Amino acid sequence: MDKPSSPTLDGQVAFITGAGSGLGAAFARRLAADGALIVVNDLAADAAAATAAEVGGDTAIFDVTDSAAFDAEVDKAVARHGRLDIMINNAGIAPAPDPARVERMMASAALRMEGRIAEIPPADVLTSMTDEEWDRMLKVHLYGAFYGTRAALRHMQPARRGSIVNISSILGQHPSAGAPHYATAKAAIIALTRSVAQETAHLGIRVNAVCPGYVDTPLLAPLDDALKAMITMQIASGRMARAEELAELVRFLAGPESSYSTGDVFTASGGYA
């Protein structure tokens with residue numbers, strides 16, 4: 001007996017933020033491979049154009065922290081293509097690299113392993129964080145997901161269909177020291193996802209979150225080799241993920257195969273602990 005073919009995304013329109021590189025670009029390629037028309041958002045016009053050219057899609061150049069721009073670009077996409085089926089809120093930033101802090105973390109880890117807890121100095125991560133650093137992290141991740149979800153729902157609700165995928169993080173489920181603003185933003189995305197899913201399930205709209213572990217993308221480029229090695233030691237699989245692996249999970253959630261999934265949180269961490 002022939003194996004049934006997988007449902008495709010032919011004719012569907014997907015809006016993906018932060019799709020100029022890394023995870024977002026991988027999501028764009030994967031969904032386009034199954035027939036979706038992709039609207040590629042990014043702050044970097046050249047990067048967005050490159051991804052759009054690769055997948056045969058459109059570009060939408062704006063900062064996801066700009067709610068008016070977000071609304072306008074989603075409205076423009078719907079006006080052009082007549083529909084919006086998939087919204088992937090992926091745009092994100094990493095904490096600014098701080099070599100001195102990494103060095104302190106490594107030294108503190110060595111002291112902890114030796115049981116010399118009383119000698120571990122304050123990490124001073126939160127106490128040295130500026131208002132601007134805190135605000136920017138939450139604006140890009142949490143507000144970006146909020147603006148994208150809201151803009152999408154304004155079109156998905158009348159159509160009574162759609163799939164929204166919010167990219168959270170393993171650190172949103174299991175926060176660790178070193179990036180409290182990042183962990184807070186990612187945890188809040190999970191709460192946003194579950195709340196909106198409850199609100200919209202009866203309309204045929206599904207809202208889910210993906211919590212990747214560490215993925216080998218340009219976002220991690222600022223990390224030095226020692227810190228990457230330290231992170232990898234905590235991953236049972238012994239390696240960071242490839243963007244293409246996460247793209248398979250996002251494709252599942254974007255399409256009809258996940259018809260009974262809403263308000264759910266999918267972790268792909270390689271056994272990170």
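Computed from a prediction, not measured in an experiment: that's the story for all the values here.
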Subject >> Distance-minimising heavy-atom pair for I231 and M240 >> reply: CG2-CE, 4.3 Å

Original post:
Under a 4.5 Å cut-off applied to non-hydrogen side-chain atoms, are R136 and T65 in contact?
Top reply: yes

**OP:** Would you mind reporting whether E199 and Q157 have side-chain heavy atoms less than 4.5 Å apart?
**Re:** yes

Original post:
Do any N or O atoms from the side chain of T130 and from the backbone of E133 form a donor-acceptor pair under 3.5 angstrom?
Top reply: yes

Original post:
Could you give all pairs that pass the salt bridge (charged side-chain N to carboxylate O under 4.0 Å, His left out) test and reach residues 96-110, with sequence neighbours left out?
Top reply: D98-R101

Subject >> D124 atom CG: more than 12 heavy-atom contacts under 6.0 Å >> reply: yes

Original post:
If only atom types and distance count, is the side chain of N41 paired as donor or acceptor with the main-chain N or O of G18 below 3.5 Å?
Top reply: yes

Subject >> Main-chain N/O of V13 paired with R83 side-chain donor or acceptor, under 3.5 Å >> reply: no

Subject >> G213 backbone acceptor or donor facing S269 side chain under 3.5 Å >> reply: no

Original post:
Does the side chain of I86 come within less than 4.5 Å of L9's, by heavy atoms?
Top reply: yes

Subject >> Over 12 non-hydrogen atoms of neighbours within 6.0 angstrom of CD in Q198 >> reply: no

**OP:** Report yes if some heavy atom in the side chain of P121 is under 4.5 Å from a heavy atom in the side chain of S108; otherwise report no.
**Re:** yes

Original post:
For R80, which residues count as a salt bridge (charged side-chain N to carboxylate O under 4.0 Å, His left out) partner, sequence neighbours excluded?
Top reply: D58

Original post:
When F70 is tested against each of F62, Y147, Y143 for ring-ring contact (aromatic ring centres under 6.0 Å, His included), which residue passes?
Top reply: F62

**OP:** Assess whether atom CG of D10 is packed by more than 12 heavy atoms of other residues, nucleotides or ligands within 6.0 Å.
**Re:** yes

Subject >> Qualifying side chain to side chain donor-acceptor pair (under 3.5 Å) pairs with a residue from residues 162-173, counting only residues at least two apart or across chains >> reply: N89-N166, N166-T193, Q173-T267

Original post:
If you take all heavy atoms of S21 and D42, which pair is closest and at what distance?
Top reply: N-OD2, 4.3 Å

Original post:
Looking at side-chain heavy atoms only, is the closest gap between I167 and F27 below 4.5 Å?
Top reply: yes

**OP:** State, to 0.1 Å, how close L253 and S261 come at their nearest heavy-atom pair, and which atoms those are.
**Re:** CD2-CB, 4.5 Å

Subject >> Spacing of CG belonging to L111 relative to CE belonging to M106, to within rounding of 0.5 Å >> reply: 12.5 Å

Subject >> Interatomic spacing from NE2 in H141 to CG in N90 - rounded to 0.5 Å >> reply: 10.0 Å

**OP:** Determine yes or no for a side-chain-to-main-chain donor-acceptor pair under 3.5 angstrom, with T51 supplying the side chain and A19 the backbone.
**Re:** yes

**OP:** Could you tell me whether K76 and E73 have a side-chain N and a carboxylate O separated by less than 4.0 Å?
**Re:** yes

**OP:** Please say whether more than 12 non-hydrogen atoms of neighbouring residues, nucleotides or ligands are located less than 6.0 Å from CZ in R154.
**Re:** yes

Original post:
Is it true that a side-chain atom of R206 and a backbone atom of G255 form a donor plus acceptor pair closer than 3.5 Å?
Top reply: yes

**OP:** Inspect the contact between E244 and R30 and indicate whether a charged nitrogen and a carboxylate oxygen are less than 4.0 angstrom apart.
**Re:** no

